[in-house]
*Asks:* 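Please see the structure below; I have some questions.
Numbers here are sequence positions counted from 1. Treat the numbers as computed from the prediction; the structure is a model and nothing was measured.
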Amino acid sequence: MEKQLQYRLGMWLAEKKHQPWVRGKNDCCTLFMEWHDIAHGTKTLKQIYGKYNDLKSAITWAKKIPLDKWFPEHGYKQVEDLQDGDIVQVQHDRRFSSGYIVFMGFAWGLGDNTGGITRHDLSTNVPHTIWRYANGS
């Protein structure tokens, strides 16, 4: 990740830090899609923003837009090592998964009913995949 984009990611995460979790507007999926749009000049967030507001409708949208297909379709490749700007996909159960943004050696994300972005240690053995934006690099 270029230093300028890395700086921009850090500033953006700091701005988002205390924004409360709201399903469909400020959650684990909207977080990484919003960052993708900022970093790459796209408008992917509009496909899901405000389209679900409870667990049932979130699961319905997760089936329509599975992340393991979304990432390759939007220029990401699966990798083994971690770098700032990567997205970590954690599969919670068969119904849906969450996305976390890597920055400064931690995964940053929005869990259900959190007061804002939370930091997660990447050394745990939680099953996950790592996605790195590959277009243009």
Side-chain angles (χ1 to χ4, degrees):
M1 172 177 259
E2 297 175 5
K3 291 291 180 194
Q4 184 176 2
L5 191 57
Q6 183 182 29
Y7 175 79
R8 193 170 178 193
L9 173 57
M11 295 301 292
W12 178 75
L13 286 170
E15 289 171 12
K16 299 280 292 179
K17 177 108 176 98
H18 298 291
Q19 291 181 10
W21 173 86
V22 178
R23 193 181 303 277
K25 295 185 177 178
N26 196 43
D27 62 22
C28 61
C29 195
T30 63
L31 183 75
F32 77 79
M33 283 191 186
E34 183 178 345
W35 171 247
H36 173 82
D37 288 350
I38 290 168
H40 309 294
T42 59
K43 297 185 183 310
T44 58
L45 180 58
K46 71 180 181 180
Q47 69 184 334
I48 65 163
Y49 188 84
K51 306 265 171 88
Y52 55 91
N53 58 12
D54 58 21
L55 183 59
K56 184 178 178 182
S57 58
I59 291 168
T60 299
W61 274 96
K63 289 178 184 175
K64 290 180 184 179
I65 305 173
L67 295 184
D68 58 340
K69 290 186 174 67
W70 187 92
F71 286 114
E73 290 171 357
H74 290 86
Y76 290 81
K77 65 179 178 181
Q78 193 170 345
V79 297
E80 296 295 321
D81 62 319
L82 287 166
Q83 292 181 8
D84 285 354
D86 289 348
I87 309 296
V88 175
Q89 178 187 357
V90 176
Q91 190 72 38
H92 296 288
D93 58 30
R94 292 186 346 233
R95 299 176 298 174
F96 65 94
S97 57
S98 296
Y100 300 86
I101 302 170
V102 176
F103 183 70
M104 302 297 287
F106 293 96
W108 300 84
L110 284 158
D112 292 9
N113 299 311
T114 57
I117 291 178
T118 54
R119 183 180 80 177
H120 304 270
D121 187 354
L122 293 168
S123 64
T124 61
N125 289 328
V126 175
H128 64 276
T129 54
I130 305 165
W131 297 92
R132 182 169 302 141
Y133 189 73
N135 283 359
S137 57

*Asks:* Could you pull out all residues at least two apart from Y100 that satisfy ring pair (Phe, Tyr, Trp, His ring centres under 6.0 Å)?
*Replies:* H120

*Asks:* If Ile, Leu, Val, Met, Phe, Trp and Tyr residues are connected whenever their side-chain heavy atoms lie under 4.5 Å apart, and connections chain through other members, are L110 and V22 in the same group?
*Replies:* no

*Asks:* For residues W70 and I65, report the shortest heavy-atom separation together with the two atoms involved.
*Replies:* CD1-CG2, 3.6 Å

*Asks:* Looking at residues at least two apart in the chain, or sitting in another chain, which of them share a ring pair (Phe, Tyr, Trp, His ring centres under 6.0 Å) with H40?
*Replies:* H36, Y133

*Asks:* Applying salt bridge (charged side-chain N to carboxylate O under 4.0 Å, His left out), which residue pairs with at least one partner in residues 54-74 are found, sequence neighbours left out?
*Replies:* none

*Asks:* Taking atom CD1 of I48 and atom CG of D27, what is their separation to the nearest 0.5 Å?
*Replies:* 6.0 Å

*Asks:* With R23, which residues qualify under salt bridge (Lys or Arg N to Asp or Glu O under 4.0 Å), at least two apart?
*Replies:* D112

*Asks:* In plain terms, say whether R132 and D81 are close enough for a salt bridge, that is, a side-chain N and a carboxylate O under 4.0 Å apart.
*Replies:* yes

*Asks:* So, taking the atom named CD in Q78 and the one named CG in D86, what distance separates them when rounded to the nearest 0.5 Å?
*Replies:* 11.0 Å

*Asks:* For a side chain to side chain donor-acceptor pair (under 3.5 Å) check, start with the C-alpha distance between S97 and Q89, then their side-chain angles and the critical distance, and finish with the verdict.
*Replies:* CA-CA 7 Å; S97 57; Q89 178 187 357; 3.1 Å; yes

*Asks:* Distance check, rounded to the nearest 0.5 Å: K46 atom NZ versus D37 atom CG?
*Replies:* 9.5 Å

*Asks:* Please confirm whether Y76 and W131 have ring centers closer than 6.0 angstrom.
*Replies:* no

*Asks:* So which heavy atom on C29 is nearest to which on L67, and how close?
*Replies:* SG-CD2, 4.3 Å

*Asks:* Enter the distance from F32:CZ to I87:CD1 here, rounded to the nearest 0.5 Å.
*Replies:* 6.5 Å

*Asks:* Quick one: pull up OG1 in T30 and NZ in K51 and give me the separation to the nearest 0.5 Å.
*Replies:* 13.0 Å

*Asks:* Give every donor-acceptor pair under 3.5 Å between a side-chain atom in residues 11-19 and any protein atom, sequence neighbours left out.
*Replies:*
residue, atom, partner, partner atom, Å
W12, NE1, E34, OE2, 3.4
K16, NZ, Q19, OE1, 3.1
K16, NZ, N26, OD1, 2.8
K16, NZ, E34, OE1, 2.9
K17, NZ, I117, O, 3.4

*Asks:* Could you walk me through whether M33 and Q47 pass side-chain contact (heavy atoms from CB on, under 4.5 Å), step by step?
*Replies:* CA-CA 10 Å; M33 283 191 186; Q47 69 184 334; 3.8 Å; yes

*Asks:* Would you mind writing out the side-chain donor-acceptor pairs for residues 2-9 within the sub-3.5 Å range, not counting sequence neighbours?
*Replies:*
residue, atom, partner, partner atom, Å
K3, NZ, Q6, OE1, 3.4
Q6, NE2, D84, OD2, 2.4

*Asks:* What closest approach, in Å, do M1 and W35 show between heavy atoms, and which atom pair accounts for it?
*Replies:* CE-CZ2, 4.1 Å

*Asks:* Quick check: does any side chain N or O of W108 sit under 3.5 Å from a backbone N or O of F103, one acting as donor and the other as acceptor?
*Replies:* yes

*Asks:* What's the shortest heavy-atom distance between H128 and V88, and which atoms?
*Replies:* CB-CG1, 3.7 Å

